[in-house]
J.: 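Take a look at the following structure, please.
A quick note: this is a predicted structure, and the numbers were derived from the prediction, not measured.
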Amino acid sequence: MKSNNQARPSGRERALRSDAKQSRKTLLAAARELLAEKGPEALTVAAVAKRAGLNRSTTYQHFRNREELVAAVGNNFARELRDLLREPRPFGEQIDFFVHYFHERPDIARLWIFELLEEKQSQASGWAEYKGSLERLASSSVSQDGIDAEMLGVIGMTSALVWSLMSRQRATDEQTALADTERFATELKRLFLFGALRPEAWPDLVAEFED
């Protein structure tokens, strides 16, 4: 049996673990910055180490190659998106929230598009949770009969992702980009309301268009 002193990590061990945890956090933050600026092709171990201000040997202790790095960034996004999807919001507010969320987070948009183009849709960060939420909606009494939840998800998600990048390229300033994003969110809600949902079950959402 180990003594209490043997069972507990020393102060030095705790400090090393804390340093390692902080280094990984710093590397993931640097990776997300590069992803937002240049896309997934910029995610190399060397580039991330340079952006994070850490030496390569430290970086390779966390990520042995580019594939591990990309996977870690994807897993980080997936956890973030899972938490966001679990927060209860009215349907219209959910669309508004995610349209603006993707607009503000081009790193997530770029990674999603990269994974979709790489034919990894089934593993794309947060895809399963998003698809599951639409399947529950499609099986409820407030949606039209015969909804194909997966295809509806593809339409909604890919359009929001592409728009999040287009809005920054076409707008001359952030205020214009936000105004255009509001227009996009309105039309996406209209598409869902009158194409997939039963409008009579969503009076608050209908009222937005009547106003």
Side-chain angles (χ1 to χ4, degrees), residues 9-87 97-130 154 157-181 184:
S10 66
R12 175 175 171 75
E13 289 173 330
R14 289 195 297 271
L16 288 173
R17 291 178 187 177
S18 177
D19 287 346
K21 186 176 180 180
Q22 183 57 47
S23 293
R24 184 179 180 85
K25 184 177 179 180
T26 300
L27 288 166
L28 286 173
R32 291 176 73 145
E33 289 177 6
L34 282 171
L35 187 61
E37 295 170 10
K38 302 179 180 179
E41 63 277 4
L43 290 186
T44 65
V45 175
V48 170
K50 182 177 180 180
R51 173 62 64 95
L54 297 172
N55 59 52
R56 291 192 189 185
S57 62
T58 298
T59 305
Y60 278 112
Q61 289 174 12
H62 295 278
F63 309 110
R64 291 175 296 179
N65 50 50
R66 180 180 184 275
E67 287 69 29
E68 285 191 3
L69 176 61
V70 173
V73 174
N75 290 335
N76 188 260
F77 284 146
R79 286 192 296 272
E80 184 175 322
L81 287 172
R82 276 198 298 270
D83 291 342
L84 291 172
L85 284 167
R86 288 169 181 165
E87 293 181 21
F97 176 83
F98 276 102
V99 166
H100 284 280
Y101 177 74
F102 287 134
H103 170 75
E104 295 166 3
R105 302 300 304 274
D107 50 350
I108 290 182
R110 287 181 182 276
L111 181 65
W112 265 77
I113 292 173
F114 171 74
E115 292 187 337
L116 292 172
L117 293 175
E118 288 289 304
E119 299 182 353
K120 298 176 181 177
Q121 179 178 306
S122 61
Q123 294 134 14
S125 312
W127 173 258
E129 290 76 18
Y130 171 66
V154 170
M157 185 60 72
T158 55
S159 63
L161 291 172
V162 171
W163 172 253
S164 70
L165 301 179
M166 283 182 61
S167 64
R168 293 178 175 277
Q169 294 177 349
R170 56 181 266 149
T172 56
D173 55 70
E174 183 63 16
Q175 185 175 359
T176 302
L178 287 173
D180 286 349
T181 298
F184 174 82

J.: Does Gln175, at its CD atom, have more than 12 non-hydrogen atoms belonging to other residues, nucleotides or ligands within less than 6.0 Å?
T.: no
J.: Evaluate the side-chain proximity of Arg170 to Trp163: yes if any heavy-atom separation is below 4.5 Å, no if none is.
T.: yes
J.: Distance from Leu69 atom CG to Leu27 atom CG, nearest 0.5 Å?
T.: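 Here the interatomic distance stands at 8.0 Å.
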J.: So how far is it from Leu34 CG to Arg32 CZ, rounded to the nearest 0.5 Å?
T.: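 Spacing of CG (Leu34) from CZ (Arg32) equals 12.5 Å.
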J.: Check for a donor-acceptor pair, side chain of Asn76 on one end and backbone N or O of Ala72 on the other, with a separation under 3.5 Å.
T.: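 Judged by distance alone, no pair lies under 3.5 Å.
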J.: Between Asn65 and Val45, is there a side-chain heavy-atom distance shorter than 4.5 Å?
T.: no
J.: Might you point out which heavy atoms bring Ala42 and Ala47 nearest each other, and give the distance in Å?
T.: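 Closest pair (atom of Ala42, atom of Ala47, distance): O-CB, 3.6 Å.
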J.: With a 4.5 Å limit on heavy-atom distance, are the side chains of Phe63 and Val70 in contact?
T.: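 The answer is no; the side chains never approach within 4.5 Å.
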J.: Determine the minimum heavy-atom distance between Ser167 and Ala177, stating which atoms define it.
T.: O-CB, 3.9 Å
J.: Enter the distance from Leu161:CG to His103:NE2 here, rounded to the nearest 0.5 Å.
T.: 14.0 Å
J.: Do the ring planes of Phe102 and Phe98 sit parallel (below 30°), tilted (30 to 60°) or perpendicular (above 60°)?
T.: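 Tilted: the ring planes of Phe102 and Phe98 meet at 30° to 60°.
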J.: State whether the side chain of Arg66 and the backbone N or O of Leu43 hold a donor-acceptor pair below 3.5 Å, judged by distance alone.
T.: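 Side chain of Arg66 to backbone of Leu43, a donor-acceptor pair under 3.5 Å: yes, one is there.
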J.: If I take atom CD from residue Glu104 and atom CD from residue Glu174, how far apart are they, to the nearest 0.5 angstrom?
T.: 8.0 Å
J.: In Å, rounded to the nearest 0.5 Å, how long is the span from NE2 of His62 to CG of Leu54?
T.: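 Going from NE2 on His62 over to CG on Leu54, the span is 7.5 Å.
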